[in-house]
Amino acid sequence: MDKTYQPSDIEQSWYKTWEEKGYFRPSGEGSPYSIMIPPPNVTGSLHMGHAFQDSIMDALTRYHRMKGNNTLWQVGTDHAGIATQMVVERKLAAEENKTRHDLGRENILEKIWEWKEHSGGTITRQLRRLGASVDWDHERFTMDDGFYKAVQEVFVRLHKDDLIYRGKRLVNWDPKLHTAISDLEVENKDKQGHLWHFKYPLADGAKTADGKDHIVVATTRPETMLGDTAVAVHPDDERYTDLLGKSVLLPIVNRLIPIVADTYVDKEFGTGCVKITPAHDFNDYEVGKRHASALINIFSKDATVLAEAEVLNIDGTPSDAFDKVLPESYVGLDRFDARKQIVSEFESLDLLEKIDDHALKVPYGDRSGVVIEPLLTDQWFVRAGPLAKPAIEAVENGDIQFVPKQYENMYFSWMRDIQDWCISRQLWWGHRIPAWYDEQGNVYVDRTEEEVRANNNLDASVALSQDEDVLDTWFSSALWTFGTLGWPEATERLKTFHPTDVLVTGFDIIFFWVARMIMMTTHFMKDEDGKAQVPFKTVYVTGLIRDENGDKMSKSKGNVLDPLDMIDGIDLESLVEKRTGNMMQPQLAQKIEKRTRKAFAEGIQAHGTDALRFTLYSLASTGRDINWDMKRLEGYRNFCNKIWNAARYVLMNTEEHDCARDHDNYELSLADKWIISRLQQTEASIEKSISEFRLDHATHTLYDFIWNEYCDWYLELSKPVLNPSNDNKAQQTGTRRTLVRVLEAVLRIAHPFMPYITEEIWQRIAPLADKSGDTIMTQAYPVADENKVDQKALGDIEWLKGVIISLRNIRGEMDISPAKTIPALLKNGNDEDLRRFNENASYIQSLAKLESLTWMNAEDEAPMSATQLVGQMEILVPMAGLINVEAEVTRLEKEIAKAQGEIKRLDGKLGNAKFVSNAPADVVEKEQEKLASAQQSVSKLNEQLNKIKTM
RNA sequence: AGGACUAUAGCUCAGUUGGUUAGAGCACCACCUUGACAUGGUGGGGGUCGGCAGUUCGAAUCUGCCUAGUCCUACCA
């Protein structure tokens, strides 16, 4: 093995081997364990968040595979409707200066499929680099043939059950993308705007209570006044009761509109008069419904003013309640230009009372970034209420558990107040809605046109045209857990692997995805007794990975980190290019470049997949976001190197040696028994951590065991045993056996977290540990054996470590060269100390670099020495020629002060009668022991101090 | 407006049903190229656990209030 760990030398080839040998496939044996990958956007690339979640899923998958489960990690990608279509449209505009309408639906779809084929490999390549042990043989795509069937089936059945309906409703309209979007796709942003106060003249000579001939309405959206159909006041507002039933003459359009009473109005806000524009505001729409007035739509799909208003009844049918004429000077104007013109026209008419500054929330499309316009359009909706009920129950009764639990509240609060879900999108890329219209506008829903004709007795003479719209991407991804397994066919995979075990995802898509999967699954999937099935038993919600400053990673901020750059490294120039190239807002490039050059002056070094993964696990505590820290990544890269070198040491000492593979002629040393005991405890602890999804604890325990116990102590303790001067050959064999076997077990423990380095080393170690097999991947995961825990060995080594550390401490504080051997004495020890001394003196001599270690009887006079205590035993290093007296005085005083502080604290505690009477006896007893021990320590240390001082 | 979460060493984070002198990694200081490893070894320094009050024999941990930050949901035109 090379002296230094080089991840690039081992990682790629191992993945290829694993995949070729089919190790990722379900074994077909053992109880099933399944995880569905949250399907990433097929044309995207993995970011750190994906790497984080996928690493967690891989660890769980590999762990259960080694545990003997029939393990499936289902892989696949999402067609991501809007996002993907946008990318291709942008490309088309840039390269050919054409819009999608220039090419037409068929051609565009062809182009998107081409693009999907071309870029779809990025994600799968990245997953492979991460070591993801997914079942590639059954990779799925949310628009493959199987999904097409599942989606049609779900749509048709929901429609038959009256859980899907079509209607003209006010929806969130994206004027840039020309599609409706769901409430969840709207981002409300805080903006500084204005509140314009307009005078609306009263008609028919009516006057207000205080004698004015107008009322004042306040609005943040002046342009919508072109569509006003009423003015509302609160029914109890005495200022306006006389005006109820009267009308105002709407300026500019000269439309007579009624003054109505509605409790929606807040008397205290503004003037207490609200202009009502039912076609362009969700609240006004509700008010409009109550007052049965008509709607006046003034905007086109681009949010420009129409040539002629659409006047409609609430149910969407045409109405002639109002005149359709819109002022000519506004026709075709963009909504924001119209706003300016309205304001200035009110001003010139002397009807603008005032303009206040006003903070408001403005709705933006999360994809397009433009202001959303409420618009009355025909759309398809899922009736969410009935679907939500069993989905809520599944979480309430514990069939599904969220980790951490707090997210259940978030889920409940949204689900209990769920709104109908607008599922139609005016896009081309997606699942086309299985609805057909005849020439009279009758709608037929079925799986195919043939079925429509057959089921409705429509022969070929009746022209049918399919609905142009496609379904929201989340409609198909809601079927992910069962759609990927072959539903609606009753496949063996579906039967075996559904419900799945755990879903690993971010809190940001609990509503978009998790909640909808639960709704769809509980509705469509039933077990043998007809009970609703859940899609997964546990939802493990991860935090977000943020940059080093705690900012969200985003392309426009230029702080995105590519997981592959952590693995392979990247030079500064390439990183700058990557972050600033192909930007939607090129004006940000300079800032990003500066920032990048500052943060990564040296570029990014290669750290390898194992180090990246280990870092992610170590940060994976629950309920908290993660601020990415390159330094931790470096630390864990070093950890990999540590393992690498420990393995080199082990191999060096065991290859070509007798490791007791096929005989029992060996003897275990104290150190052997100790490390075997600690291995059991480590295994038990890691097992528990994984079961609680605390991979941070699991990896921390593993790190601590490997570095601080196996390497720092056990390997060092093995050196004196393996020294040729030791003539206990049986013991040497025992230590060699322990060296390889503990390492071999550790590799298996670590494999789910660090798949590559563990496989690479295991291949060499396994034969020495009498293990056979082609890969570590399918070896049994180590299980703790209580019987192998040797309490005596644990105690003895703790003592041994205490003595050695004390001696090292004296060396350090006294500035004694590590190369110099020194003599040491042990004094005032008890029988146990004496036994331990007798059994282990050679270890101490070796590890503390002593020239001699002598046991002194209590009555013997000790030479002038530096002193440390282990328990009540004194460890003495004679001062002659070694010890700096002043330094020793300082050191002793420091120790004494520490112990005295302890005594003071304990005295106070034990002097408190309430503590002694109320605290549990064992706590009190422990404190008393501590006090006694501290008092003895102080007296012994003082004795030493006086001795030195009187010298 | 309602709700959730977070605040622990210079930095990134652990800390279990309240009970050792509150821990780790990185950074820092000193010494050390010792035959696994300088991507290393040994020793050391560093924290009023955001603030105030309360419950308790005992609070980083439980309760209340406050401050700062993050996020979610719903919104007054």
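Chain letters run A, B, ... following the sequence lines, proteins first and then strands; every chain starts at 1.
- For A:Leu722, the side-chain contact (heavy atoms from CB on, under 4.5 Å) partners two or more places apart in sequence, or in a different chain, are A:Tyr649, A:Asn653, A:Ser718, A:Gln732, A:Thr735, A:Arg736, A:Leu739.
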Is there any protein nitrogen or oxygen under 3.5 Å from a nitrogen or oxygen in nucleotides 2-10 of chain B, and what are the pairs?
from	atom 1	to	atom 2	distance (Å)
B:A7	OP1	A:Arg624	NH1	3.4

Original post:
What one-letter contact string describes nucleotides 31-38 of chain B from 5' to 3', where B marks a base within less than 4.0 Å of any protein heavy atom, S marks contact via sugar-phosphate atoms alone, and - marks no contact?
Top reply: S----BBS
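- Residues satisfying the side-chain contact (heavy atoms from CB on, under 4.5 Å) test with A:Asn912, not counting sequence neighbours, are A:Lys914, A:Phe915.
- Screening residues 607-636 of chain A for ring-ring contact (aromatic ring centres under 6.0 Å, His included), with sequence neighbours left out, gives A:Phe614-A:Tyr636, A:Phe614-A:Phe639, A:Tyr617-A:Phe753, A:Tyr636-A:Tyr703.
- Remark: A:Asp625 pairs with A:Phe507, A:Leu544, A:Arg546 by the side-chain contact (heavy atoms from CB on, under 4.5 Å) rule, at least two apart or across chains.
- Residues from residues 689-701 of chain A with heavy atoms under 4.0 angstrom of RNA chain B, sorted by number: A:Arg694, A:His697, A:His700.
- With sequence neighbours excluded, the residues satisfying salt bridge (charged side-chain N to carboxylate O under 4.0 Å, His left out) with A:Lys801 are A:Glu798.
- Looking at the side chain of A:Phe507, the nearest of the listed nucleotides B:C71, B:A77, B:C57 is B:C71.
- Other residues, nucleotides and ligands contribute over 12 non-hydrogen atoms within 6.0 Å of the CD atom of A:Gln681.
- Residue A:Ala218 has its side chain nearest to B:A77 when only B:C57, B:U12, B:A77 are considered.
- Out of B:G19, B:U73, B:U20, the shortest distance to the side chain of A:Phe511 is found at B:U73.
- No hydrogens or angles considered: nothing links the side chains of A:Asn559 and A:Asp551 as a donor-acceptor pair under 3.5 Å.
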Ignoring hydrogens and angles, write down the donor-acceptor pairs under 3.5 Å from the side chains of residues 412-419 of chain A, residues two or more places apart or on other chains.
from	atom 1	to	atom 2	distance (Å)
A:Ser413	OG	A:Asn409	O	3.2
A:Ser413	OG	A:Met410	O	3.0
A:Arg416	NH2	A:Glu396	OE2	2.7
A:Gln419	NE2	A:Asp417	O	3.3

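- By the salt bridge (charged side-chain N to carboxylate O under 4.0 Å, His left out) test, A:Lys405 is found to be paired with A:Glu408, residues two or more places apart in sequence or in another chain being considered.
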For nucleotides 44-49 of chain B, print each protein N/O atom paired with a nucleotide N/O atom at under 3.5 Å, atom names and distance only.
from	atom 1	to	atom 2	distance (Å)
B:G44	OP1	A:Asn809	ND2	3.0

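- Scored by the side-chain contact (heavy atoms from CB on, under 4.5 Å) test, A:Lys904 finds no partners at all (sequence neighbours excluded).
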